[in-house]
Amino acid sequence: MEIDSLDAQVTHALRINGRAGYREIGAVLGVSDQMVARRYRRLRDEAGLRVVGLPNPIELGYETWVLRLRAAPDAALQIAGALARRPDTGWVSITSGGTEIACNVRVPASADREALLLQKLPRTPRLVAVSAHCLLHVYVGGAVGPDRRDDALSAEQIAALTPVRPVGSPAAAHLTDADAPLIEALSWDGRTSYTDLAATTGWPESTVRRRVQELFGLGSLYTDVEIEPEFFGFRAVVLLWLSVAPSRVAAVGAALSEHEEIVFAAATTGPTNLQVTAVCQDMPAFYRYVTDRLGSLDGVERIESAPVLKHVKQLGTVR
């Protein structure tokens, strides 16, 4: 599929406000709502674009853990598939020649860490090693900061599409057990209509509308866009684990958040202290990034890298 400038604009608009209507997006882009709808359906059907609605772990006070699992090559895909079907995981990826799996796990504050992180892992002798690293601070990625590869819209267009949180609004609304079917539906399709959400939850449509607007308006939920980066010319996705001098972690994290190659950067526990995801046009471009920019940051002492071979799950529900 050829991605043109309007496709890039629609994708960028959805990253900013995944539940914006076709008419709202069209007015900002200067095209008809029918044109936006056609482009959205084309991107969805041919490029795999999907808008997902997700709990915001930062606003809700959840912990996020990164798991690194080492498995036999013939078992990695099966283990990754089992992890992908869990509702609390994201970014389940196979790396390192098909022998390592990386994934994120969201852990609510009241949950049992051990049960979620270790007891629910697939039980197989083909899983040979596991390490878990808690995210301490996110510098960019997910609900934090813009994706700096998104440059299709002007600052004025971005401002017009950005949802405004009212001044003095209360803290994020807590999610309840009753919200579970709503969250499940939105994590499959963040643009699900209020009518369809009402059918899924069994609530009146007015109740669904009010609850969805509350959860998104207060930051309890946010939307993101799944799409394979290669459609935009980026064929090298690489996970990095950095060892940084403790006094320089914050400065290096802040610097990384300004690099257009970096889509995720966070301070973590463990033998390394920064986890990073880089997206480059190809591996030679990644080499230049590491040698010219990343390696020159003051405080970076060691870099471990693993190219992503396959995303088994990005953010939304896998069925």
Side-chain angles (χ1 to χ4, degrees), residues 57 62-109 111-139 141-142 236-246 249 252-253 256 262-280 283 286-287 290 294-295 299-318:
Y62 290 5
E63 289 182 349
T64 299
W65 288 72
V66 178
L67 301 184
R68 298 181 68 182
L69 305 94
R70 193 153 48 85
D74 61 348
L77 188 57
Q78 179 183 3
I79 293 171
L83 288 168
R85 288 188 291 273
R86 285 176 49 169
D88 57 351
T89 61
W91 294 111
V92 181
S93 306
I94 296 178
T95 70
S96 301
T99 61
E100 186 168 306
I101 303 157
C103 79
N104 293 353
V105 181
R106 297 184 302 273
V107 181
D112 183 340
R113 289 178 183 166
E114 181 182 358
L116 286 177
L117 294 175
L118 299 178
Q119 294 179 12
K120 287 189 177 182
L121 290 178
R123 297 186 181 280
T124 169
R126 310 298 281 167
L127 180 61
V128 297
V130 179
S131 62
H133 313 268
C134 184
L135 297 193
L136 303 176
H137 182 81
V138 178
Y139 298 98
V237 180
V238 185
L239 303 184
L240 301 112
W241 292 268
L242 310 184
S243 296
V244 178
V249 169
V252 171
L256 291 172
I262 301 305
V263 297
F264 179 81
T268 72
T269 60
T272 59
N273 48 18
L274 279 177
Q275 193 223 336
V276 178
T277 303
V279 178
C280 300
M283 294 309 291
F286 172 70
Y287 168 78
V290 170
L294 179 58
V300 175
E301 298 172 345
R302 181 174 175 271
I303 300 171
E304 178 185 353
S305 60
V308 172
L309 303 181
K310 179 181 178 64
H311 284 313
V312 180
K313 178 182 184 181
Q314 293 189 29
L315 292 163
T317 299
V318 171

Any His311 side-chain heavy atom under 4.5 Å of Val237 side chain: yes
Results of ring pair (Phe, Tyr, Trp, His ring centres under 6.0 Å) for His133 - residues two or more places apart only: none
Side-chain donor/acceptor of Arg106 to backbone N/O of Pro87, under 3.5 Å: yes
For the student: nearest non-hydrogen atoms of Pro108 and Tyr62, plus distance: CA-CD1, 3.6 Å
Distance-minimising heavy-atom pair for Thr64 and Pro57: OG1-CB, 3.8 Å
Intermediate values then yes/no, side chain to side chain contact (heavy atoms under 4.5 Å, CB included), Phe264 and Leu135: CA-CA 12 Å; Phe264 179 81; Leu135 297 193; 3.7 Å; yes
Distance (rounded to the nearest 0.5 Å) between Leu77 CG and Leu309 CG: 11.0 Å
Val312 and Ile101, any side-chain heavy atoms less than 4.5 Å apart: no
Point-to-point distance, once rounded to the nearest 0.5 Å, from CD1 of Ile262 to CG of Leu256: 5.5 Å
Sidechain-backbone polar pair: Lys313 side chain, Leu83 backbone, donor-acceptor under 3.5 Å: no
From Leu294 atom CG to Ile303 atom CD1, the distance as rounded to the nearest 0.5 Å: 4.0 Å
Shortest non-hydrogen separation from Leu239 to Ala102 and the atoms involved: CD1-CB, 3.7 Å
Atom pair CG (Asp74) and CZ (Arg126), whose distance is rounded to the nearest 0.5 Å: 4.0 Å
Output side-chain donor-acceptor pairs under 3.5 Å for residues 270-279, partner residues at least two apart or in another chain, one line each.
unit_1	atom_1	unit_2	atom_2	d
Asn273	OD1	Val244	N	2.9
Asn273	ND2	Val244	O	2.7

Spacing of Thr99 atom OG1 and Arg70 atom CZ [to the nearest 0.5 Å]: 7.5 Å
Atom CD of Gln78 with >12 non-hydrogen neighbours under 6.0 angstrom: no
Heavy-atom closest contact (Ala267 atom, Tyr139 atom, distance): N-CE1, 3.7 Å
Within-4.5 Å side-chain heavy-atom neighbours: Phe286 and Pro307: no
Minimum heavy-atom distance Val92-Cys103, with the two atoms named: CG2-CB, 3.7 Å
Leu315/Trp91 under side chain to side chain contact (heavy atoms under 4.5 Å, CB included): CA gap, chis, key distance, verdict: CA-CA 6 Å; Leu315 292 163; Trp91 294 111; 3.2 Å; yes
